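We count ligands from 1, going down the list as the structure has it; atoms in each ligand are counted the same way. Just so you know, these numbers come straight off a predicted model, no measurement behind them. The figures here come from the full heavy-atom set of this structure, side chains too, leaving out hydrogens, waters and symmetry mates.
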Amino acid sequence: MTTQQKIEQLRDELRQYNHNYYVLDSATISDYDFDIKLKELEKLEEANPQFFDVNSPTQRVGGGITKNFETLVHKNRMYSLDNSYSKEDLLDWEKRVQKVLGTDDVAFTCELKYDGASINLTYENGRFVKAVTRGDGFQGDNVTANIKTIRSIPLKPLGDFVSNFEMRGEIVLPLDGFQKMNEERIANGEEEYKNPRNTASGSLKLQDSAEVAKRPLDCLLYQVVTEERKYQTHFESLEHARKVGFKVPNTMALVSSIDAVFDFVNHWDLARHQLPYETDGVVIKVNNLQQQEELGYTAKAPRWAIAYKFKAEQVSTLLHEITYQVGRTGAITPVANLEPVQLAGTTVKRASLHNADQIEKLDIRVDDTVYVEKGGEIIPKIIAVDLSKRPLNSQPTIYATHCPECSTVLVRNPGDAKHYCPNEFGCAPQITGRIQHFISRKAMDIDGLGGETVDLLRKENLISNYADLYDLRVEQVIPLERMAEKSAKNMIAGIEKSKEIPFEKVLFALGIRFVGETVAKKLAKHFKSIDALFAADFETLIRVDEIGDRIAQSILDFSNNLNNLQLIDRLKSHGVQLELSAENLENQTEKLQGKTFVVSGVFHQLSRNELKKAIEDNGGKVSSSISKKTDHIVAGDHMGPSKLAKAEELGVSIISEQDFIALIS
Ligand code: AMP
Ligand code: ZN
C-alpha cells in the first residue's frame, strides 16, 4: 500500500467511527483506540504535507480564530416558514395547495421543527466546502471553521450521493449537553446560559473554533437542495442523505392526509418532552418535488411548506418565598420558590425573577398565585399574577436591601439592572466564586480540583483566597470528605502544574471585573507583566487598543486595593507566571506595528493560523476583509477571485508567503 492509500484508508475508517458514534449513537471503537488511529493519521499527514486535505478527520479540532465573519451570498435563498396554529389553518393550507396543483393527490412529510440556528452546508464534488448561517435569507455569515468541529456533520458523504448540493439543517445543543455546560458555568461562578437555542446560535459566532469544538453541538438536517434531478420526492432525498451519514432524525413521517398530520402533531406535542433536544413545532411539507416547484414561493416563504407551532405550556402555582442568590461578582439574583408543579415533563420548584424591576413590573408578591411558563428557556419564568387569588392582606414586595450572605447594604449602580453586594473580600459566595473562577478550565485549568472541592476546602477553613491554594499540603487535604491519598496528590500536583500557565490566562484568572479572556490577552501582550500593567495610569490604559473607560477604571480599582496586591505578591513568590515568558517575548517584535493584513489562500511553510499569529506577534493586525485600511494581503495558492479583484481595485499590495517571512525576519 502506498502512503497515500494508507492515509486515505485511515481517513475513511475514522469517518466511519465518527459516524457510528455521533450520528448512530453507537460507538464501535474505544476512545483510546480512536485516539491512537487519529494520532497515527496526524503523524502521516504531517510527514506528507502533499496529501493535506481540509476535510480530513484530523481537521476537526478547531483552533483557527475568526475575528470578523465574512458575509456570503446564498446561492439559493433561505426562506422563512409560514405559521399555523390550528387544524383549521392546516386544512385551509391543504385546500390552497390542492387548488394550485389542480389535484387532491398530495402527500406530505411531517418533520419536527428543531429549535436552534439554521445553517446551509455546501458540498462540491462530494466534499464539504462551506457553512453559512441563514442571516437575512439572502446572505449570511461564513462560519465554516466553527461548523467543521461538529463531528456529526460528514465532511465527505459515506457513499454514493449527489455530488453538488446544499444541505439545510439546524444547529442544536442537545439538552444534556446544555445542562453540563451550565453546571460547569455555575461551578465557575459564571452566569448560566438561558436556553439551548441562543447558546447554539451564539456558539456559531465564537471567534475561537477550538472553543466551539468543546461544545456538544449537533446538526439535524431537513433539506437537500440540488440541481441534479436524482430524486422525485423530499422524503426519498432525506432518506438517502441519512444513509450516507447525515443526521436526519427518524422522527420524520410520510403521510397522505391532514388528519394524519394531526395525529403526528398530537403525538409529538406530548412525546417531544422525551426528545434529547428542543422542538417548538412541526413542519409539514408537500412531498413531491415537482409539486413543490409548481407551488413556488411567496415573498417570504415556500408555498409548499407550513409550520405548526406547539403551544407554550403554562401552569399556575403558589409563590411561597422570594430568596436572593449572590454570584461571584456580587450580583444579586432574586429567585421565586414555588409550590412544586409539573410543567412540560419536569417538576418546577424555582423560577428566576431576574431583577428588582421585573418584580415591580409584574407586581409579584409572596403568597400570590402565579402563571409559570416554559418558553424557549430552560429556567421557567413567571409571566403573570392571578390577581383574583391574591390574599387580602397582601403587601407589595420590598426588594432586599442587604446581602443575604453577609448582611452588607446592597448597591445598584446607575444603568445596572442588578443590585450588587460590595463586600468583595468578606462575602462567602463571592470569595468561593472567585476561587472557583481562578481554577476553571479557561483560567488556571487546575487538574484534580473542582468547584465542589473548593467549597469543601473553604468549609474546612483551609483556604480563603486563591493564593492559599499554593500553600496546601497533601496531608491537609486527605482528611476531606470523598478524598483519598491519590486524589489529594493529584490535586496538589495540579496546583503545582498551574504555575506553568501563561501570564495571559493568569491575568484572566485573577477575576478583575470586565477583564475577560480576550481583554486579558490584549493586556498581557501590551504590558507584558503585571507590574507594568499595575503601574499604568488611566490615560495609558485607555490608549491600548479596545480598552475603554470601564475596563481601565476596573483595573485601577483592583490594583489600588491592598488585599489584591498582597495576593499578587504571594502568587509571585509561589512562582505563578505574572509576566510573559522569555520564549513568548522572543518572538514578539514591533516590526509590523500599525499595519493591517488580510490573509487569503493556502500556504506552504506556515499554516494559516501560524501566519496570523506571526502577524499579531510582530505587532500587526489581522482583518478578514479587504478595505482601504488594508496594508498588505498575504496571498497563498487559490486566493479567492473576488478578493483578488477587490485588492486590485483598491490598489492594496499583495505579497507572497515568502515576502511575508522576509518582512519579519
Ligand atoms: P421561522 O424562523 O419561524 O421562519 O422558521 C423557519 C426556520 O425553521 C428555518 O429557517 C429552519 O431553520 C427552521 N426549521 C427547523 N426545523 C425545520 C424543518 N424540519 N424543516 C424546515 N425548517 C426547519
Ligand atoms: Zn454579601
Does [X], backbone or side chain, put an N or O under 3.5 Å from an N or O of ligand 1?
{"X": "V283", "value": "no"}
{"X": "R134", "value": "yes"}
{"X": "S118", "value": "yes"}

In ligand 1, which numbered atoms sit nearer than 4.0 Å to a non-hydrogen atom of [X]?
{"X": "S80", "answer": "4 (O)"}
{"X": "E111", "answer": "18 (C), 19 (N), 20 (N)"}
{"X": "K285", "answer": "18 (C), 20 (N), 21 (C)"}

Give me the nearest non-hydrogen protein atom to [atom] as residue plus atom name, then the distance to 0.1 Å.
{"atom": "atom 16 (N) of ligand 1", "result": "Y114 N, 3.0 Å"}
{"atom": "atom 17 (C) of ligand 1", "result": "Y222 CD2, 3.6 Å"}
{"atom": "atom 5 (O) of ligand 1", "result": "K113 NZ, 3.3 Å"}

Whether M78 lies under 4.0 Å from ligand 1, heavy atom |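 The answer is no: ligand 1 sits nowhere under 4.0 Å from a heavy atom of M78.
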
Does ligand 1 have an atom under 4.0 Å from some heavy atom of L112?
->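 It does, in that a heavy atom of L112 comes within the 4.0 Å cut-off of ligand 1.
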
Scan residues 301-311 for pairs that pass side-chain hydrogen bond (donor to acceptor under 3.5 Å, both in side chains), counting only residues two or more places apart or in two chains.
->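 Sorted pair list comes back empty.
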
Under 4.0 Å between a Lys/Arg side-chain N and an Asp/Glu carboxylate O for D468 and R570?
->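 Counted as a salt bridge, because a side-chain N and a carboxylate O are separated by less than 4.0 Å.
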
State plainly whether the residues K113 and E111 are in salt-bridge range, i.e. N to O under 4.0 Å.
->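 No, no charged N to carboxylate O under 4.0 Å.
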
To which of E170, K300, R168 does the heavy atom nearest atom 13 (C) of ligand 1 belong?
->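 When every heavy atom of E170, K300, R168 is considered, E170 comes closest to atom 13 (C) of ligand 1.
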
Looking only at the aromatic ring of each residue, does the gap between the centers of [Y] and [X] stay below 6.0 angstrom?
{"X": "Y399", "Y": "Y324", "result": "yes"}
{"X": "F138", "Y": "Y79", "result": "no"}
{"X": "F235", "Y": "Y231", "result": "no"}

Non-neighbouring partners of D259 that pass salt bridge (charged side-chain N to carboxylate O under 4.0 Å, His left out), sequence neighbours left out |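 D259 satisfies salt bridge (charged side-chain N to carboxylate O under 4.0 Å, His left out) with K87 once adjacent residues are dropped.
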
Close side-chain approach of I171 and I150, heavy atoms under 4.5 Å | yes

